[in-house]
Amino acid sequence: AAITYAMEFRNLCSLETFRDICSPSGYSENLEDVIKNEFTRIKGVTYLDHAGATLYPESAVREFCLDISKNVYGNPHSHNPSSTLTHDTVDRVRYRILQHFNTTPEEYSVIFTSGSTAGLKLVSEAFPWSAPTATEPGSLFCYLTDNHTSVVGIRGPASAQGALPIPVSPSEVEGRARAGVEGVGGHDGPAACQTPHLFCYPAQSNFSGRKYPLGHVRGIRARRLYPACDHPGRWFVLLDAAAHVGCSPLDLQSCAADFVPLSFYKMFGFPTGLGALLVRNQAAARLKKCYFGGGTAAGYLAGEDYFVPTANVCDRFEDGSVSFLDIIEPHAFGLARYTHMLLSSLCHGNGHPVAQMYTQGQFDSPDTQGAILNFNLLDCRGHIIGYSQVDKLASLYNIHLRTGCFCNTGACQHFLDITDQEVKNNLKAGHVCGDSIDLVDGKPTGSVRVSFGYMSTFDDCQTFLSFVVDCFVEKPPRVDRVRLENLRQTKTGPCGNSHQKRSIKLSANGGIKQEVETRRPAEPSLEGCVRPSSAVDTTLPKNPYTLTHIYIYPVKSCAAFEVCDWPLGASGLLFDRSWMVVNGHGVCLSQKREPRLCQILPRVELPLGQLSLSAPGMENLSVPLESAATLKTIQRVCQSKVCGDRVETVDSGDEAATWLSDFLGQPCRLIRQSPDSIRGGQKRLNTGKTTKTSTAVLSLVNEAQYLLINQASESSEDGQPLERQDLISRFRANLVIAGVEPFEEDSWSQLIIGNAQFLVGGRCGRCQMICVDQDTGAKSKAPLLALSACRSGKVGPNRPYLIIQPRAQCGVHLQTMAFA
Ligand SMILES: *Cc1c(COP(=O)(O)O)cnc(C)c1O
Ligand SMILES: *[C@@H]1O[C@H](CO)[C@@H](O)[C@H](O)[C@H]1NC(C)=O
Ligand SMILES: *[C@@H]1O[C@H](CO)[C@@H](O)[C@H](O)[C@H]1NC(C)=O
Ligand SMILES: *[C@@H]1O[C@H](CO)[C@@H](O)[C@H](O)[C@H]1NC(C)=O
C-alpha cells in the first residue's frame, strides 16, 4: 500500500500535472536552456529564497568583470576622459532603468542608493514634513500594517519633525473605497490645504507574497481612498517595490508613485549593495534641496555613483526575441501556485494536514499574489513543527529556504496571531530576530518561506515537496483530493484556465496519439483529510530506572567514548567536549562539514594523564591532559565561536595539528577551551513546551552540560528500541536511562542519580542532530527520516532528550547503576 501511495504522490508531482495546472502562455523550452547555461553553479542545490536575494546569471558577472577590467572608470564628477566614461555609462544605466519601468527622464529621476532601505531613509529625511500650526494640521505619515522594519523606520525622522504616524490596515483602505467616499478628493475649497502627507505601502509583501493593488497610488493621490479622503492636504505615495519587481513588471505610467525604492540584487541577483530610488520629478521638486538638485536633472548622492552596474544586467532582460519579462511572472507564479496546491492538500497517513499556510486568498492570480509561499509544518497530531527544525533538515537536503519573521513583524504578528504583548514577552525571554527559538510555549515565533525566481524550475518544486514528505509526513502520505480539486478550479490569470487539459502521450511506436486522463479515479484511501482532534496523552505510573550508559565526547563532533564510572567536572562530565577541531580559518569543524570526524576515536586516559586519538590508518596520537591553564602559558590563545558564543581557546600544538591535517586532508588544528573562558551565563533553552533560563557554565557543548535520553521514549523505525549507535549518532547523549515509561521525563524537574543531583532543563534544541554513520563517516538521512515517524498514540515531538545541569558537585562520580 505504501508504494501505491508513494506512486500516487509522484504522479501528482509529475511535470504533466504541473503543466496541466499551469501552462502559462509563452512558456518555452528556451527558458529551460537559459537556466541550464546561466546557473551551472546551483547544480544540486534547491534554491528557494528568491525573495531574500535572487540568483544572478553567470554571464552578467563574466561580462561585468570583462568590462571593468578593460575600461577605465574614473570619478564621474571629474572631467577627464575616464570620468566622462563613468558619467555617460551611469546616465545610460539610468535611462535603461527608467525604460524598464516604462517611464522617461521627463517624468522620473533615478537616485542610486545602496538599496531599498537607504531609499526609504532618504525619503524620510528629505520629505518636507510639517509640524502642526494654529491653522494647519501637521503632516501625516501613514503606512500599511503589513509593515516591515525599514518602512517603520521612517517613523523616527517623521515624528521628529512633527509628523503624526498612523498605521493603516489593508482592509481600511479597501473598505473605505468601496463605501463610496469617491470624489471627496480635491474639493477643499479655494484655500486648499497644501500640507504634505506621505502614504507608504509595499507592492508585494515579502512575508506572504500578497500583492497590494497598484491602484492605491492613484486613489490616495486623488484622495479617493482612506486615509487620504479624510485628511485634506497634498498626498504623496511611496511604493516599496523591493519584493515586487523581482518577478513582476511595474509600469510607472499607469502607477505613478512618487517614490519607488528598489534593490537590484532582488531583481538580478547582482550587484549587491546597489539600489535606486525612483522619484517623480513633480515630487522631487518638493524634496529638501540638500538631497536633490531639483527639476528634471538627475540628482547625485555624493559617493554613491562609483559603482557602475554593467548595462548587461538590464540588457539580459530586455533584449532578444523572447521577452523574458512577459514569462517571468507567470513562470514563477506557476511554480509557486503548484507547490501551494500540493502542499496545502498534503496530509499525514492519519489524515491530518501537513501544512498551515499563511496566505490571503486562494493563490489564484499573479495580480494579487507573488511567487512566495509562507507556512508552518504540522506534525501528525496537528502540533506546529518549529521552523528551525525545518531549516536544519532542509540544509541537509541542500534546500535553501528562509525561516523566521522576515523582518516583517507586522505581517508575522498578523498571520501567526502574535499579540504585541507576546512580542515583548518573547523579547524579554531572550528571543531575538534570527535566533533559533522557533516555538515559545508551543506557539510559533516565525514561519517558513519558500520563494521562486524566474530561474526556478519544476524540479525545485519536486525536490522541495519530496523533502517535506520524506522528513515530516507520517507514511503513507495522503492527498486531500477535494481540496486539491477546489484549488485547481479557482481560476483567474494565466494559470487558472487550463485545468481541463489532458496530457497527450505518444505511444511507443510513435505517431499514434493517445489521450490519457491525468486524473486517476480517486482511490478510497485518498479521501479528504480529517481535522486533528486533541491528542490524549495518558499519564503513566512511575518505575525504578537504570542509568545504562555514560558517554563522553572529549573532542566535539568526534566519536563517543563510553565509560562506566566517571567524575563530574565544573561544566559537565570531566573532559566532555573540552576540545574541538578547527579548520585553517579557525572555524569549528562539525560532522556536517567534515563527516570523517566521527572516525576519530578519542579516549581520555586519566591515569596516564593523556587524551589519545586513534583513527583508521593512523598511528595513535596522545595529547597531554595538562590543565589548560598550564597550556596557556606555552601555547597561543585564540577566539572561536560555538553556537554563536565566542569562546577563548588554547591551541594543542603542532603535533596534534599535523596528525589531524593528515587524516582529514585539510589544514586543521586541535584546540581546547581555555579555563578563563566562561561560557553560559543567561542562556535561554530552546525547549519547546517550557521555557527556562540556564545559568550553567558550558564546555564546547552546544546547549547544556548533560544530555540525557530515555530509551523508552525512543524507538527505531520498526518499533524496536534504539541501537547504541543511534543513541550516539542521533542524539549525542551523555546519559542513557532505561526502565522508564516513554516521555515520563517530560514532567521531571530534577533527578538524583547516586549522590549527584541534577536539574532538568527541558527538551533539547536541535543543534546536534546529525546524520553521519559513525563507522564510515558517510552522510545519511535515515535517522532524520525516523523523526517524522509518528506511531499509534505513542508519539512525542521527537526531540527526545533533556538538558540537565547539576546542582554543584565536583569530585562526585557517576556510575552506571539503578536509581530510584
Ligand atoms: C528586501 C526588502 C526591502 C529591503 O531591501 P534592502 O536591499 O535590504 O534595503 C524593503 N522592502 C521590501 C518589501 C523588501 O522585500
Ligand atoms: C506594524 O503596524 C502595526 C499597526 O497596527 C503596529 O501595531 C506594529 O507595532 C507595527 N510593527 C512594527 C514592527 O512596528
Ligand atoms: C523584508 O523587507 C524588509 C524591509 O525592511 C527587509 O529588512 C527584510 O530583510 C526583508 N526580508 C527578507 C527575508 O527579504
Ligand atoms: C590505539 O588506540 C586504540 C583505541 O583507542 C587501541 O585499541 C589500540 O591498542 C591503540 N594502539 C596502539 C598501538 O597503542
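A quick note: this is a predicted structure, and the numbers were derived from the prediction, not measured. As the structure lists them, so they are numbered: ligands from 1, and atoms in each ligand from 1.
Within the 4.0 Å heavy-atom criterion, both parts of T117, backbone and side chain, lie near ligand 1.
Ring-plane geometry between F259 and F236 is classed as tilted, the angle between the planes lying from 30 to 60 degrees on a 0 to 90 degree scale. The aromatic rings of W129 and F127 are tilted relative to each other, their planes meeting at an angle between 30° and 60°.
The ligand atoms of ligand 4 that sit less than 4.0 angstrom from a heavy atom of R603 are 4 (C), 5 (O). Every atom of ligand 1 with a heavy atom of A243 under 4.0 Å away is listed here by number and element: 13 (C), 15 (O). Of all atoms in ligand 1, listed by their number and element, those nearer than 4.0 Å to a heavy atom of S263 are 5 (O), 6 (P), 7 (O), 9 (O). The distance from ligand 1 to the heavy atoms of A242 drops below 4.0 Å at these ligand atoms: 2 (C), 3 (C), 10 (C), 11 (N), 12 (C), 14 (C).
With 3.5 Å as the limit, one finds a donor-acceptor pair spanning the side chains of Q413 and D420. There is no side-chain donor-acceptor pair under 3.5 Å between N620 and S612. With hydrogens and angles left out, the side-chain atoms of S590 and S557 include no donor and acceptor closer than 3.5 Å.
Within 4.0 Å of atom 14 (O) of ligand 4, at least one protein heavy atom is present. For atom 5 (O) of ligand 4, a protein heavy-atom neighbour is present inside the 4.0 Å cut-off.
For F333 and F452, the distance between ring centers is not under 6.0 angstrom.
Of the listed options Q204, K266, K121, H244, K266 places a heavy atom closest to atom 15 (O) of ligand 1.
Where the criterion is an N or O separation shorter than 3.5 Å, residue side chain and backbone included, Y265 meets it with respect to ligand 1. The distance criterion of under 3.5 Å between nitrogen or oxygen atoms is met by N620 with respect to ligand 4.
For the ring pair (Phe, Tyr, Trp, His ring centres under 6.0 Å) test, residues two or more places apart in sequence or in another chain that qualify with H216 are Y201.
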